[in-house]
Undergrad: 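Starting off with a structure, shown below.
By convention in this document, chain letters (A, B, ...) are assigned in the order of the sequence lines, proteins followed by strands, and residues within each chain are numbered from 1. Keep in mind that the numbers below use all heavy atoms, side chains included, and drop hydrogens, waters and symmetry copies.
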Amino acid sequence: MSDYDPQELEARWRERWAETGRYEADPADAPDDEETTFITVPYPYPSGGMHIGHARTYTVPDVYARYRRQQGDNVLFPMGWHVTGTPIIGAVERLKKGEETQLSVLKDTYNVPEDTLEELETPMGFARHFIEQHYKQGMKSLGLSVDWRREFTTNDDRYSKFITWQYETLKDRGLLEKGLHPVKYCTNERQPVTTHDLLEGETAEYQEYTLVRFSFERDGETVVAPMATLRPETVHGVTNAYIDPDAEYVVADVNGESWFVSAEAAEKLRLQAYEVAVHETVSGEELVGARVTNPITDDEVLVLPASFVDADNATGVVMSVPAHSPDDFVALQEAKADTERLQQYGIDPAEVTAIDPIPILEIEDYGEIPAQVAVESRGIESSDDPALAEATKELYNTEFHSGAMLDMYGEYSGEIVEDIRDQFRDDYRDSGAFDTMYEFSEEVICRCGGDVVVAEQDTWFLRYNDEAWKAKTKEVVDGMDAIPENTRGEYDHTIDWLNEWPCIRNYGLGTRLPWDTDFVIEPLSDSTIYMSYYTVAHRLQDVPVDELSREFFDTLFYGAEATDDPDERALELREEWDYWYPVNYRFSANDLISNHLTFYLFHHAELFDQPNWPQGIVVMGMGLLEGEKMSSSKGHVVLPGTAIEKYGADTVRFFLLNSAEPWQDYDWRDDQVESVRNQLDRFWNRAQELINGPEGDEELTHIDHWLLSKLQDTVESVTESMETSETRSASQAAFYGFEENLRWYRRRTDTERPGARWTLRKVLETRLRLLAPFVPFMANELHEQLTGTAAEDAPWPDVDESLIRPDVELQERQIERLTDDVHDIVGVTETDPDVVRVYVAADWKREVFDVVARQRLAARQTPSDDVADAGDDVGAVMGRVMQNPDLREKGNEVNQLVQDLVDVTRGQDDDSVDAMAEMDEYATYEETTEFLAREFDADVELYVEGEDAYDPGDRASAAVPFRPAIHIE
RNA sequence: GCGAGGGUGGCUGAGCUAGGCCAAAAGCGGCGGGCUUAAGACCCGCUUCCGUAGGGAUUCGCGAGUUCAAAUCUCGUCCCUCGCACCA
């Protein structure tokens with residue numbers, strides 16, 4: 001008998017799998033494509049090493065793959081490498097610059113040897129290192145059943161040909177369009193930057209300001225003073241405007257008109273695709289005291305000086321809506337009070353005093369002037385009051401969700417702001433009264449130290465806002481399996497919400513935009529249909545790159561009719577594509593629903609026919625390490641290699657799959673992993689005993705039938721869980737759940753008995769097959785030792801109906817109950833009994849039970865809305881019982897008993913009640929006395945209540961059917 | 001703000017979709033006992049409170065409701081986590 005040595009046995013199996021190409025899947029293995037399973041995971045992005053958090057992402061699908069194989073499917077589980085975009089390039093640059101944290105991540109966290117660092121100084125060298133030394137090695141160590149012949153990187157020439165085909169096709173179908181799009185732009189480096197390039201403001205959001213085109217006369221010319229606002233619908237409530245008198249403004253030619261904006265704003269507008277030529281630089285003071293005309297109402301309003309206006313935000317000119325903005329309300333009050341300042345700017349204070357707030361919408365509990373109520377109810381008296389910001393936030397919020405527009409809004413009157421804001425803005429933008437400008441919600445600074453602003457750049461984007469495309473994608477969602485089911489709504493929501501998506505970048509690895517090679521197709525856009533590429537990747541190597549034309553892929557994916565002169569090789573490949581597709585399940589991370597996974601659905605909906613649409617997606621949660629987020633820069637990671645060395649791959653796998661369901665977050669805790677290892681050790685040792693011990697023979701007793709019956713339960717529930725990728729429930733049931741049964745079994749019987757031997761070996765064999773997807777190394781090894789074949793080559797167990805024994809299970813439940821009861825009594829009384837007396841209920845009590853059971857049966861056959869209630873109807877039972885004169889005599893005693901028995905059967909299913917009706921209690925306990933005697937080291941005496949039972953404790957009368965009375969002394 | 005998911009006994013975490021067998025699985029931790037030269041290994045039992053008879057009391061964020069019956073259903077409320085775009 002050998003000890004459990006995972007390192008040795010796992011190495012042996014890895015070698016065997018590699019040598020025999022065990023997981024290389026070909027159509028020839030099983031020509032009927034009804035029995036194929038094709039599963040994918042997002043290909044890893046090797047911009048760093050693999051840690052234990054990644055390990056589960058790839059192990060969950062492996063478990064499913066192994067399960068389907070045992071179910072008889074030909075299973076394809078491929079792997080590739082995503083290198084598109086900038087992260088790898090960025091990592092290489094940081095390495096070349098000798099950046100400290102980067103060096104530490106590489107050397108300390110991922111153990112890159114000093115003399116290897118140089119190899120990492122090219123992007124693909126960097127990627128190659130982590131692919132080979134980390135991901136691939138980690139995956140092989142974990143025992144992932146991947147078909148390695150099909151791997152590729154997204155920077156490969158052939159892959160690029162494939163992406164080229166995809167984007168040319170999309171362009172032809174009108175789903176790719178050129179246009180302007182807001183991007184983050186560093187004013188120092190004069191180029192677009194990504195979130196990773198930022199020093200500050202990583203969480204900044206784009207805010208779309210509406211510019212309300214107020215205007216005034218200047219030197220006989222009409223000049224536009226665009227007021228920036230996030231609440232365009234308040235335009236009827238404008239009473240005045242504010243400008244910073246001390247800031248620098250310009251008069252500029254903007255798209256052929258004259259505009260008055262802050263100097264910063266002119267630059268931003270230029271970046272946002274306005275034609276801007278600055279004519280004149282002026283002080284903000286120039287506009288103070290001027291009257292500007294509201295383009296919607298034609299009202300003229302006064303421009304007041306205000307130091308709170310930020311010239312570096314939007315246009316530097318703002319409109320004032322004192323009725324609905326607490327800020328504006330307070331500002332106006334302060335302006336009115338400071339007559340001296342007004343006079344200094346040549347403004348008649350009386351004119352300002354005359355300004356009254358103009359209400360434009362109505363909300364409950366806020367009176368006529370909501371801003372006034374908001375300010376005064378909080379006792380705010382000055383613009384310095386911190387409560388003002390809170391008042392503003394709350395009022396804006398309330399107005400947005402429940403503010404109803406007043407009469408001056410014509411067709412919009414009575415409508416809620418939330419419902420009409422966008423429409424209102426669009427209408428006036430179309431009519432020329434409004435313009436648009438983008439601004440960040442907070443300050444954004446580049447790593448180079450430069451200011452980052454919103455720029456609009458000419459770009460190509462995918463038209464995810466196309467209604468027909470959205471509709472088709474929703475059909476994909478409707479037809480697929482979303483696991484867990486509650487994610488389905490998220491896909492629909494994302495489809496609704498998704499807008500145009502810029503799909504190119506200025507630099508990075510990947511595929512060039514075919515018709516404009518200055519640009520690269522970005523990572524989320526070159527990873528939408530690559531699952532189809534796996535089906536032919538290995539065989540595509542035989543076709544010269546140059547010959548992978550548009551027509552080639554058209555033939556491959558759309559058939560011989562798609563082109564005039566179909567390529568024979570493409571037609572051959574098409575057969576394999578056809579064989580594997582569609583993807584049965586894609587396993588991915590839950591935060592990818594809002595982009596990658598939904599893109600995946602979009603592109604499949606468009607490019608492939610319905611039979612090739614995704615069949616299912618399983619979404620996964622993320623991993624924590626000792627309760628904290630993993631972080632490679634902090635070195636807070638566990639590498640798979642380290643963990644496998646310490647515990648063995650099976651332990652690592654089992655922990656990852658058993659600690660939480662795939663879609664739940666899980667926490668890698670050393671003590672828990674350690675404990676899993678101990679459990680596997682124990683399992684191994686027990687198995688060894690059985691394998692090396694006598695085979696026994698099939699002379700089965702009651703308890704053997706019980707265990708085999710329980711085994712069928714387990715097979716059924718494990719299978720059910722596997723079907724929906726519930727790896728936790730499945731492994732829990734197959735492993736821990738069944739251990740519970742074994743514990744009881746060992747207590748109940750002599751396991752050296754030949755029948756027990758036979759039973760335990762049978763149970764072991766079945767469990768090894770159930771566990772093979774989870775702990776393939778150990779399960780295969782033990783199964784082979786036991787039967788001569790590996791578990792993965794044995795079929796998945798079926799439920800054997802003939803072994804399901806409800807009667808035996810019920811009897812065993814009663815025995816356990818009786819044992820527990822005796823234990824309870826021993827515990828409470830703190831006695832060590834010499835004798836245990838058990839009294840089975842008298843026959844007449846059993847008759848009453850039969851009436852209860854019959855009543856249940858009768859109720860079941862009577863269609864009724866509340867079958868359960870009718871079956872438990874105490875009155876009906878009493879009626880029947882009282883028809884028996886012998887029972888009627890017992891009066892109250894019977895009444896109480898019926899109550900008790902109805903309680904006993906309530907909540908039991910019909911089969912259980914049937915089994916109870918059939919059960920012979922006395923006989924059951926009679927066979928148990930020996931066990932009880934052993935269990936309590938006492939004499940056990942069994943009596944029937946009455947019938948001259950020896951009853952020194954006067955307890956026999958307490959007996960109830962299925963609840964025998966007990967006396968110990 | 002918008003969208004999604006949660007709050008269960010010392011911790012992790014089932015159960016809650018089909019209310020009753022739920023004082024509430026399992027693992028960890030803790031306690032006691034056994035095995036052993038010994039052990040972080042293994043085996044058995046206990047681990048809300050009360051109780052010298054298998055029982056009772058109070059629990060599943062908080063408050064209210066529906067019901068014979070609620071961790072499970074309804075409403076309200078507080079709190080937490082995640083995603084929100086050009087970033088893989």
Undergrad: On a plain distance test, is the side chain of A:Asp821 in donor-acceptor contact with the base of B:G54 below 3.5 Å?
TA: yes

Undergrad: Can a side chain N or O of A:Arg837 be found less than 4.0 Å away from OP1 or OP2 on B:A53?
TA: no

Undergrad: If the cut-off is 4.0 Å, is A:Arg682 near the phosphate of B:C43, judged by side-chain N/O to OP1 or OP2?
TA: yes

Undergrad: Tell me which nucleotide among B:C44, B:G54, B:C28 gets nearest to the side chain of A:Arg743.
TA: B:C44

Undergrad: Tell me whether the NZ or CZ atom of A:Arg677 lies within the 45° cone about the ring axis of A:Tyr647 and under 6.0 Å from its centre.
TA: no

Undergrad: Heavy atoms under 4.0 Å, any strand shown: does A:Gln672 hit a base, just sugar-phosphate, or nothing?
TA: base

Undergrad: Under 4.0 Å, counting only non-hydrogen atoms across every strand here, what does A:Pro502 touch: a base, just sugar-phosphate, or nothing?
TA: base

Undergrad: Using a heavy-atom cut-off of under 4.0 Å over every strand shown, decide if A:Ile593 touches base, sugar-phosphate, or nothing.
TA: nothing

Undergrad: When all nucleic acid strands are considered with a 4.0 Å heavy-atom cut-off, which category describes A:Pro44: base, sugar-phosphate, or nothing?
TA: nothing

Undergrad: Please evaluate residues A:Asp820 and A:Arg817 with respect to the criterion side-chain contact (heavy atoms from CB on, under 4.5 Å), reporting the C-alpha separation (whole Å), side-chain torsions for both, the decisive distance (0.1 Å), and the verdict.
TA: CA-CA 5 Å; A:Asp820 284 350; A:Arg817 177 84 192 254; 5.8 Å; no

Undergrad: Mind checking A:Leu524 for me? I need base, sugar-phosphate or nothing, with any heavy atom below 4.0 Å counting as a touch.
TA: base

Undergrad: Classify A:Glu485 by what it touches in the nucleic acid, base, sugar-phosphate, or nothing, heavy-atom distance under 4.0 Å.
TA: nothing

Undergrad: Base, sugar-phosphate, or nothing: which does A:Asn590 touch, judged by heavy atoms less than 4.0 Å apart?
TA: nothing

Undergrad: For B:A14 and A:Gln664 - does any side-chain N or O of the residue sit under 4.0 Å from the phosphate oxygens OP1/OP2?
TA: yes

Undergrad: Using a 4.0 Å heavy-atom cut-off, does A:Asn595 contact any base of the nucleic acid, only the sugar-phosphate backbone, or nothing at all?
TA: base

Undergrad: Just how far, in rounded Å, is C1' of B:A14 from OH of A:Tyr666?
TA: 20 Å

Undergrad: Ring of A:Tyr839, cation from A:Arg955 - is the NZ or CZ under 6.0 Å from the centre and inside 45° of the axis?
TA: no

Undergrad: What contact category does A:Ala965 fall into here, base, sugar-phosphate, or nothing, at under 4.0 angstrom with non-hydrogen atoms?
TA: base

